[in-house]
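Reading through the structure tokens given below for one structure.
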Amino acid sequence: MRFGVVVFPGSNCDADCYHVIKDVLQEEVDYIWHKESQLGAYDAIILPGGFSYGDYLRTGAIARFSPIMPAVIDFANRGGLVIGICNGFQILLEAGLLPGAMLRNQSLKFICDTAYLKVKRNDTPFTNQLAAGQLMKVPIAHGEGNYYCDEATLEELRRNNQILFTYSNAAGEDSPDFNPNGSIANIAGIINKEGNVLGMMPHPERCSEEVLGGTDGVNIFVSMVKSFQEVIQRCKN
Amino acid sequence: MLKANVYVTLKEGVLDPQGDAVKKSLHVLEYQGVKEVRIGKFIEVCLESKDKESALRELEEMSDKLLANPVMEDYRVEIVEVE
Amino acid sequence: MLKANVYVTLKEGVLDPQGDAVKKSLHVLEYQGVKEVRIGKFIEVCLESKDKESALRELEEMSDKLLANPVMEDYRVEIVEVE
Amino acid sequence: MQELNYREMGLLDEEYEKIKEIMGREPNYLELSIWAVMWSEHCGYKNSRPLLKTFPTEGPRVIQGPGENAGIVDIGDGQALVFKIESHNHPSAIEPYQGAATGVGGIVRDIFTMGARPIASLNSLRFGNIEDARVRELFAGVVAGIGDYGNCLGIPTVGGEVYFNPSYQGNPLVNAMCVGLVNSDEIALAVASDVGSPLMLVGAKTGRDGIHGATFASEELSEKSQQKRPSVQVGDPFMEKLLIEACLQLIKEDLVAGMQDLGAAGLTSSISESASKKGRGVEIDVLKVPRREKGMTPYEIMISESQERMLIVPRAGKEKRIKEIFDTWGLDAVVIGQVTDDGMFRVFEGKKMVGEVPNAELTAGCPVYVRAGQEPSYYQECKRFDIDALPEIKIGEALQKLLGSPNIASKRWVYSQYDYQVMTNTSIIPGNGDAAVLRIKGTDKGVAMTTDCNSRFVYLDPYQGGMLAVCESARNLACVGARPLALTNCLNFGNPEKTHIYWQMQESIKGMAAAAKNLNTPVVSGNVSLYNETAAGAIYPTPVVGMVGLLPDIKHRVDMSFKDEGDIVVLLGRLRDELGGSEYLAVCHGVESGAVPVVDLDEEKKLIELSLELIGKDMLKSCHDISEGGLAVALAESAIKGNIGFKVNIEGQKGRADKTLFSEAPGRVAVSLERDKLPELTAMANNKEIEVHVIGQVEGSNICINKGNQHINMAVCDAAKIWGEAIECHMK
Ligand SMILES: Nc1ncnc2c1ncn2[C@@H]1O[C@H](COP(=O)(O)OP(=O)(O)O)[C@@H](O)[C@H]1O
Ligand SMILES: [Mg+2]
């Protein structure tokens with residue numbers, strides 16, 4: 001499977017994602033410079049975390065006009081797997097690939113910590129290696145992870161089962177008491193209706209190796225590989 | 001040359017944690033009369049253009065595309081000065 | 001009740017990396033006419049007060065103390081509405 | 001502007017005379033300001049240079065000692081660590097957010113200037129009393145500034161320290177350290193080489209930022225300097241991130257002969273210093289410098305401290321490729337001058353020469369002052385302070401107070417604002433061990449780093465205090481399993497023209513040098529910040545030590561938390577009872593006095609070796625050094641971190657319980673291990689002549705300590721609450 005990691009000026013988790021795909025999963029991976037206007041033959045695209053364009057004006061607002069973005073949007077619309085992590089999630093929102101917007105954390109402070117995530121469904125290309133209801137321990141690090149959308153959109157997210165991860169405590173309660181940033185309905189990650197585009201604030205690439213204190217995150221990338229292999233298998237049959 | 005101001009404000013109903021924090025601080029400083037604070041952006045733009053009308057249109061376009069996020073923000077454009 | 005706007009802007013000469021980034025992005029979006037962008041804050045305050053004069057003084061005080069950072073920012077207060 | 005004379009620029013009468021003598025005439029205004037910034041303490045180290053010479057700077061692992069932008073040590077496999085610590089005290093006092101942010105930006109530039117990729121940041125912070133609203137504002141601003149800048153760069157901020165003490169009330173300290181990783185064959189040095197080589201300026205445009213920053217940093221903070229307030233330097237971390245990537249690419253492709261960041265005194269010092277290395281001259285045209293503001297004078301351009309700028313000397317014929325690379329990153333690169341052969345530093349404004357100064361004298365000619373220090377009277381008085389005359393208070397209450405003291409309490413409020421995991425190397429995160437540990441991708445190795453200085457000790461006894469700072473750093477590294485390699489330091493003191501301040505400097509440097517020599521941790525870089533005084537007096541002398549260490553195999557690392565019921569708790573080192581200068585005296589008795597615990601360097605060294613051996617053999621489950629708050633606090637922290645209790649009984653030590661439990665005497669660590677490993681541990685410790693005290697075991701959910709007829713019994717969760725929330729509560 002071939003992954004592409006898009007590098008915007010100011011991306012800073014690009015190398016971390018690259019490392020997990022290449023050295024941990026041992027799959028193929030390339031960097032894609034934001035000034036490219038075409039995507040090569042990729043099976044999945046990662047929009048990494050960081051501070052694209054310094055996060056100036058609004059997170060993701062400037063990056064979404066990068067020359068590569070029309071190709072990414074096209075790739076997503078054709079059903080390609082796209083995962084946006086942290087700043088990548090913010091860019092997906094600004095680009096309209098996912099609904100909603102990102103506000104500053106309720107505390108008004110950047111927060112670096114480890115959060116418990118509750119996996120809401122496992123019938124997606126990103127969570128097939130996980131169980132529904134399972135808890136994951138995943139690092140978070142963001143100043144603007146306070147996900148916002150209006151009531152109607154939230155209703156729709158719920159109706160379509162688009163909420164993939166919520167913040168919870170160690171006992172799996174995802175009530176507002178265990179919400180690190182104020183995001184609506186404790187949302188930590190959502191997918192699009194079609195299920196091929198994921199945006200999440202937590203950083204799975206930071207917990208994909210034992211030496212970093214946990215490996216819960218690697219399951220998301222492994223899920224992507226599994227789902228890709230299944231598609232290939234189906235095509236063969 | 002032409003100067004314009006763009007005011008970007010959070011939509012009504014969108015929580016403004018920063019505004020709330022400032023309000024609380026003002027209360028601590030004993031400005032009890034402060035009932036609400038909302039914090040938006042004040043963007044000053046210098047534009048090479050002679051025509052107010054077309055400049056206004058252009059600025060509205062910029063705001064729609066980049067300066068404001070329609071999901072959570074409103075904006076208002078004002079031409080202040082023409083040289 | 002009284003409504004006021006406080007405009008907080010960077011002092012002349014103080015670097016505004018945010019404004020520069022926005023300007024560059026506008027150029028990429030082909031708004032070549034944009035010569036400068038400076039980004040400040042637009043603060044809306046609701047105040048329980050009937051007296052415009054004293055409200056203005058109070059808001060200036062708040063700005064000096066909290067709303068603006070005197071080391072690098074200027075501000076302007078404007079009373080917009082009295083009910 | 002022109003009416004400012006040399007005194008207001010910070011030059012002494014005799015210095016001005018010397019300048020006139022060198023030049024054979026009166027300098028013009030531009031020339032005078034060039035002299036003034038280059039001969040300021042900040043750039044010229046005129047009060048500290050002779051003292052700094054006494055540091056040990058060599059060792060088998062040292063690739064680069066002091067004198068370059070940062071020091072370098074070998075970590076094997078053709079890799080090296082590049083590191084340095086630097087102060088940004090005065091700018092942070094004026095504008096805490098931007099001051100701290102640009103402090104991070106500056107030290108990061110020092111690291112990648114040498115061709116290294118920055119892999120971690122640390123910071124050492126000192127503020128006045130946290131009860132004070134202005135102090136909280138400074139504290140919050142500084143932490144946010146450090147966080148936002150480093151987070152945006154994607155460099156993890158993995159460690160540091162924060163202390164509160166009234167001596168820093170009007171003069172906070174903000175010291176930032178950065179560590180970089182480099183392949184030894186890709187190290188870049190700041191050398192302006194061949195005559196005719198162009199000088200390229202890249203990065204941000206030049207504005208009127210921080211004009212007079214360098215001279216300003218060398219003066220006491222006073223009403224007058226408030227007026228002379230430099231226009232604030234604003235940081236642009238986004239620009240810096242692009243600079244890092246672009247500059248590292250230049251070095252990978254071997255395109256540069258020299259590279260120099262623009263720090264204090266801006267263009268003036270970077271140009272002058274890069275040319276001085278080979279006795280060359282330089283000429284530059286200020287009109288070629290991209291400016292942000294209109295109407296800037298040559299003087300303003302030459303000494304502006306606008307951030308995020310680099311000076312580059314290309315290898316012959318490589319200019320085009322260099323421009324291409326900067327273009328990719330959306331950065332401008334402009335030729336502003338060239339290297340000449342006659343040793344003169346010339347400034348042109350277009351065709352017109354507006355200043356001409358001999359470069360060698362500007363750098364090497366800076367006057368040096370060897371002053372006479374004098375022992376102040378407080379020193380002997382404090383030493384004689386009679387601790388036995390103080391009432392003995394309940395140790396349980398004392399422990400509670402100590403856990404809630406901002407100097408001991410959890411610093412989570414601080415480090416949760418720092419991205420400490422970006423780059424996916426951080427293996428021991430802030431708060432979990434005595435030092436941060438990072439893996440080196442593609443190897444089995446790990447590196448560890450820490451900053452330390454107990455300035456109360458240094459104040460009470462600069463010589464012992466200097467040794468203690470170095471020992472604590474080395475011990476902290478050993479506690480996670482890392483062998484201490486080398487250190488950097490930031491010497492924060494008051495006005496050196498005062499004899500007792502100079503004495504503090506002399507003595508503490510003597511102590512640091514002795515410890516560094518004994519522990520084989522040479523000094524490879526550092527920074528000096530003097531004149532840290534206000535009308536209320538000088539800060540406590542604060543020579544901050546930053547140290548790096550190496551774990552040959554990161555599998556063998558250990559943190560500070562107790563793990564399993566039934567593990568035994570052991571004190572390695574002596575039971576001691578010196579209380580002088582302790583946090584206990586300050587917090588529970590309101591006293592900052594007493595004789596500072598005596599350091600035994602040989603013992604410290606043996607303890608470090610023992611800890612490394614034990615951790616290397618995977619014998620320890622936890623390891624935590626004894627420092628602020630003493631044995632009781634160290635044990636409580638291990639319990640809180642592990643969320644498990646312990647029961648400890650202290651025997652074999654007569655005398656007051658508070659002395660035994662709260663003494664901050666060095667050379668000790670508290671460890672936990674499986675009971676059946678005890679015989680082996682004892683044998684290994686005997687070998688090293690280190691005492692072993694089996695004092696209890698990990699059990700239950702309470703902190704239980706018995707000493708004579710005094711007892712502590714406190715639920716771990718209660719202790720965790722006090723310790724965990726103390727700073728947060730203040731900052732709400
Ligand atoms: N300014 C800071 N920046 C980053 N981390 C910090 C800072 N201050 C404290 N820490 C972290 O908090 C933890 C506890 O700090 P401290 O009490 O000074 O530990 P110790 O005395 O064991 O060195 C350490 O991991 C330290 O690195
Ligand atoms: Mg310490």
Side-chain angles (χ1 to χ4, degrees), chain A residues 6-12 14 32-38 47-74 84 86-88 90-97 101-110 142-144 146 148, chain C residues 1-48 58-78 80:
Chain A
V6 179
V7 182
F8 299 96
S11 293
N12 65 31
D14 44 345
I32 304 169
W33 184 234
H34 72 115
K35 279 185 187 162
E36 303 290 325
S37 54
Q38 305 215 317
L47 302 189
F51 288 72
S52 56
Y53 294 92
D55 268 3
Y56 292 136
L57 193 65
R58 292 184 311 280
T59 57
I62 301 180
R64 83 106 155 163
F65 290 109
S66 281
I68 194 66
M69 282 309 289
V72 171
I73 292 171
D74 187 55
C86 199
N87 194 231
Q90 295 159 339
I91 295 168
L92 290 174
L93 294 174
E94 285 281 341
L97 279 173
M102 218 46 99
L103 297 170
R104 274 181 83 175
N105 293 349
Q106 199 143 36
S107 65
L108 300 176
K109 287 197 197 66
F110 188 94
H142 55 251
E144 311 203 6
N146 183 351
Y148 167 82
Chain C
M1 192 67 93
L2 186 152
K3 253 197 80 186
N5 294 337
V6 183
Y7 304 85
V8 179
T9 49
L10 284 173
K11 283 204 165 117
E12 222 188 285
V14 173
L15 178 69
D16 179 12
Q18 173 156 240
D20 286 345
V22 170
K23 180 177 80 181
K24 279 197 197 126
S25 178
L26 288 171
H27 288 174
V28 172
L29 292 175
E30 314 249 305
Y31 298 105
Q32 300 297 344
V34 174
K35 290 301 154 207
E36 204 186 339
V37 178
R38 303 276 287 175
I39 302 188
K41 284 186 194 128
F42 173 61
I43 308 180
E44 297 168 283
V45 183
C46 285
L47 202 64
E48 207 149 69
E58 219 179 26
L59 281 155
E60 282 175 351
E61 245 180 64
M62 296 180 208
S63 303
D64 281 329
K65 281 196 204 159
L66 182 73
L67 302 180
N69 174 352
V71 179
M72 45 195 289
E73 291 171 332
D74 289 326
Y75 66 87
R76 185 164 57 82
V77 180
E78 180 187 87
V80 276

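Sequence lines set the chain letters: A, B, ... in the order given, protein chains first and strands last, and positions in each chain run from 1. All heavy atoms count here, side chains included; hydrogens, waters and symmetry mates do not.
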Across all chains, not counting sequence neighbours, the side chain to side chain donor-acceptor pair (under 3.5 Å) partners of A:Asp55 are A:Asn87
Please tell me if the side chains of A:Phe65 and C:Val28 come closer than 4.5 Å, counting only heavy atoms from C-beta onward. no
Report, as yes or no, whether the 6.0 Å neighbourhood of atom CD on C:Gln32 holds more than 12 heavy atoms from other residues, nucleotides or ligands. yes
Do other residues, nucleotides or ligands put more than 12 heavy atoms under 6.0 Å from C:Lys41 NZ? no
By residue number, those in residues 17-27 of chain C with heavy atoms under 4.5 Å from heavy atoms of chain A are C:Pro17, C:Gln18, C:Ala21, C:Val22, C:Ser25
Side chain to side chain donor-acceptor pair (under 3.5 Å) filter on C:Glu61, not counting sequence neighbours, yields B:Tyr31
By side chain to side chain donor-acceptor pair (under 3.5 Å), C:Asp74 pairs with (sequence neighbours left out) none
